[in-house]
Number of protein chains: 2
Amino acid sequence: MTRTPAPETRDADVRVAVSTVIFSVRRDEHDEPVLSLPLVRRTRDPFDGRWALPGGWLDATEGLDVAASRTLAETTGLTPSYLEQLYAFGAVDRSPTRVVSIVYWALLRSDEVDAQVAAHARGGDAPENVEWFDATDLPPLAFDHDDIVEYTLWRLRNKVGYSRIAHGLLPDEFTLADLREVNETILGKRLDPANFRRQVDTSDTLIPTERFRTGSHRPARLYRYNRDVELADRGPLPTRH
Amino acid sequence: MTRTPAPETRDADVRVAVSTVIFSVRRDEHDEPVLSLPLVRRTRDPFDGRWALPGGWLDATEGLDVAASRTLAETTGLTPSYLEQLYAFGAVDRSPTRVVSIVYWALLRSDEVDAQVAAHARGGDAPENVEWFDATDLPPLAFDHDDIVEYTLWRLRNKVGYSRIAHGLLPDEFTLADLREVNETILGKRLDPANFRRQVDTSDTLIPTERFRTGSHRPARLYRYNRDVELADRGPLPTRH
DNA sequence: CCAAAAGTGTTTAGTCTACACCCATGT
DNA sequence: ACATGGGTGTAGACTAAACACTTTTGG
């Protein structure tokens, strides 16, 4: 039972990586909203050619959250509106070499997707080998990334139920129909407009504006997200000394 | 924006540790139940002499869960009945050297506490520098372990509300009063016996036995935990291939 | 005026909580 | 018998789903 204390070099060959599952709601060819996520095509073994989650190695001089943001930006050019740690994956056989991956999940506002992509295209620094996929219809991924995405989806759907996290996928101002559509897309089912309205305005997370979106029918009031309330608990509030 | 890809040695000086917050319900001098956890006194710098969470370095040949169990056993001699990953802490300044800690939290059945402690005492391999503390009244801890424990407590109290996880703190057979007492101890408030009974037996997590605990008054039926239902979701079901 | 989405009201079923009450046992 | 915790019943409060209904615009 008692074990000789190991030398400090015991973990010399364990490396730490950071990956991020980042969701956004994009429109397909029929203008239907689709819960989507970007993947990066691997250009080396293992899993050369396979699609994988964006990520990279943890730098010794940066915190985990920062590493997640940085590697996401480096590989995809995207900056999320919401970022939360998901889980640390560390099975011995999940990669040929010993890698512990700290996985984050993130949300990207729908108006930012195209804006950020376009900006990189203009700047000539468009990320390569990046493609968006329907989150519910993915190709087989590298490593254990299939499991990771599945768990992330479960967590997202769960969290949408008890927090107002869907705002992280919308622009500053939006209608209740927009918000409801995002929720419907995530959950994959229709929600009652009347009851949805009541749920959000008893939750105090929305601030009504005096502006309206005018369309083909009765104008809908625009709302803003109330920044006084947290989007959702993000874990242990990483000791912001 | 674009960054030169780093060499594979970028994270050479990041080490991975595993720590565990393990709870049990112990009796104080007045026989009152107290939510307690064991701490280990550090015998070297940094924080020499301070109390810290049990843990140790991740071995390159073992998974994260296994490492949590092993380091817990090595430092305290305890074997948990429930183990779940909590969070990965990796702020740059949380330790003089760069350490990413994967923190687990665990439960230990009340009948196991003394049994395991006694077994080690007999075997002469009693763990040193280990002491149990009231979880709500801890001394200042080493590193960021104060924050970690606080977050763990929050998570435990939360989870007790929507899952039947308190069974992890009880022996195989127990009365509803036992189970309720554990819940009360965790939550720090009284629960209505009648309503508590209904909650648990609509949840299908308990199997009634034909045995009764006889005491000073009307005998109470003993229940067993229904192993067909999971205690609680433990995260992404670590790909048990 | 009509279609369609925005927004309001109401009915109902289910759940949660407090608490009154009966039951079974050791003293 | 009686005190005490084990166990059941139930009325009121609160919540959530379903859906009828009114409002406001564009065509």
Side-chain angles (χ1 to χ4, degrees), chain A residues 27 30-33 157-164 166-167 170-171 173-224, chain B residues 25 27 30-33 157-164 166-167 170-171 173-225:
Chain A
R27 307 260 158 200
H30 309 300
D31 209 44
E32 294 292 320
R157 293 197 176 109
N158 232 18
K159 207 145 194 169
V160 144
Y162 65 84
S163 74
R164 300 267 69 78
H167 304 168
L170 289 171
E173 297 197 334
F174 49 86
T175 67
L176 286 181
D178 292 339
L179 184 56
R180 179 165 48 85
E181 185 185 59
V182 167
N183 278 265
E184 289 175 341
T185 304
I186 292 171
L187 297 173
K189 68 175 181 186
R190 292 324 201 98
L191 300 174
D192 184 303
N195 295 331
F196 183 80
R197 169 181 303 273
R198 267 184 288 265
Q199 277 176 33
V200 302
D201 63 34
T202 59
S203 75
D204 268 347
T205 50
L206 292 196
I207 302 171
T209 70
E210 289 311 312
R211 295 161 31 86
F212 291 81
R213 172 170 314 154
T214 168
S216 48
H217 299 292
R218 175 174 174 177
R221 185 182 291 276
L222 289 168
Y223 291 82
R224 283 189 300 109
Chain B
V25 172
R27 307 259 159 202
H30 310 299
D31 209 43
E32 294 292 320
R157 293 196 176 111
N158 233 15
K159 207 145 194 171
V160 144
Y162 65 84
S163 74
R164 301 268 70 78
H167 304 169
L170 289 171
E173 296 198 335
F174 49 87
T175 67
L176 286 181
D178 292 339
L179 184 56
R180 179 165 49 85
E181 184 185 59
V182 167
N183 277 269
E184 288 175 341
T185 305
I186 293 172
L187 297 173
K189 67 174 182 187
R190 292 323 201 102
L191 301 174
D192 183 304
N195 296 331
F196 183 80
R197 167 181 304 272
R198 268 186 288 265
Q199 277 175 33
V200 303
D201 63 33
T202 59
S203 76
D204 268 348
T205 50
L206 292 195
I207 302 171
T209 70
E210 290 311 314
R211 295 162 31 85
F212 290 81
R213 170 163 325 147
T214 168
S216 47
H217 300 292
R218 175 175 174 176
R221 186 181 291 275
L222 289 168
Y223 290 82
R224 284 189 300 109
Y225 167 61

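Labels below follow one simple rule: chain letters A, B, ... track the order of the sequence lines, proteins then strands, and each chain is numbered from 1.
- What separates CZ of A:Arg213 from C1' of D:dG26 is a distance of 16 Å, to the nearest Å.
- Side chain of A:Asp31 to main chain of A:Arg27: no donor-acceptor pair is present (N/O by atom type, distance under 3.5 Å, no hydrogens or angles).
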Between the protein and nucleotides 9-11 of chain D, which nitrogen or oxygen pairs come in under 3.5 angstrom?
{"from": "D:dG9", "atom 1": "N7", "to": "B:Arg198", "atom 2": "NH1", "distance (Å)": "3.2"}
{"from": "D:dG9", "atom 1": "O6", "to": "B:Arg198", "atom 2": "NH2", "distance (Å)": "2.8"}
{"from": "D:dT10", "atom 1": "O4", "to": "B:Arg198", "atom 2": "NH2", "distance (Å)": "3.3"}

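- The distance between atom CG of B:Asp201 and atom C1' of D:dT8, rounded to the nearest whole Å, is 11 Å.
- As rounded to whole Å, 13 Å separates atom C1' of C:dG9 from atom CZ of A:Arg197.
- In terms of phosphate contacts, B:Gln199 brings no side-chain nitrogen or oxygen within less than 4.0 Å of OP1 or OP2 of C:dT15.
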Determine whether A:Arg221 and A:Glu210 satisfy the following criterion, side chain to side chain contact (heavy atoms under 4.5 Å, CB included), listing intermediate values before the conclusion. CA-CA 7 Å; A:Arg221 185 182 291 276; A:Glu210 289 311 312; 3.7 Å; yes
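- Side chain of A:Arg157 to main chain of A:Ile186: a donor-acceptor pair is present (N/O by atom type, distance under 3.5 Å, no hydrogens or angles).
- In this structure, the CG atom of A:Leu222 is 13 Å from the C1' atom of C:dA6, given to the nearest Å.
- Side-chain contact, A:Asn195 with A:Arg198: a donor N or O sits under 3.5 Å from an acceptor N or O.
- In this structure, A:Leu176 atom CG and D:dT24 atom C1' are separated by 16 Å, rounded to whole Å.
- Atom OH in A:Tyr162 sits roughly 16 Å away from atom P in D:dA16 (whole-Å rounding).
- Proximity of a side-chain donor or acceptor of B:Ser163 to a complementary backbone N or O of B:Val160 within less than 3.5 Å is not detected.
- Between B:His217 and A:Pro219, the residue anchored nearer the 5' end of DNA chain C, judged by the nucleotide with its closest heavy atom, is A:Pro219.
- Both A:Gly215 and B:Ala220 sit near DNA chain D, but only B:Ala220 has its closest nucleotide nearer the 5' end.
- Between the CG atom in B:Leu206 and the OH atom in B:Tyr225 there is a gap of 9.5 Å [rounded to 0.5 Å].
- Atom CZ in B:Arg190 sits roughly 16 Å away from atom C1' in C:dC19 (whole-Å rounding).
- The distance from the CZ atom of A:Arg180 to the CZ atom of A:Phe174 is 13.5 Å, given to the nearest 0.5 Å.
- Contact between the side-chain N/O atoms of B:Arg218 and the OP1/OP2 oxygens of C:dC23 is not found at any separation under 4.0 Å.
- Between the CZ atom of A:Phe212 and the P atom of D:dT23 there is a distance of 16 Å, rounded to whole Å.
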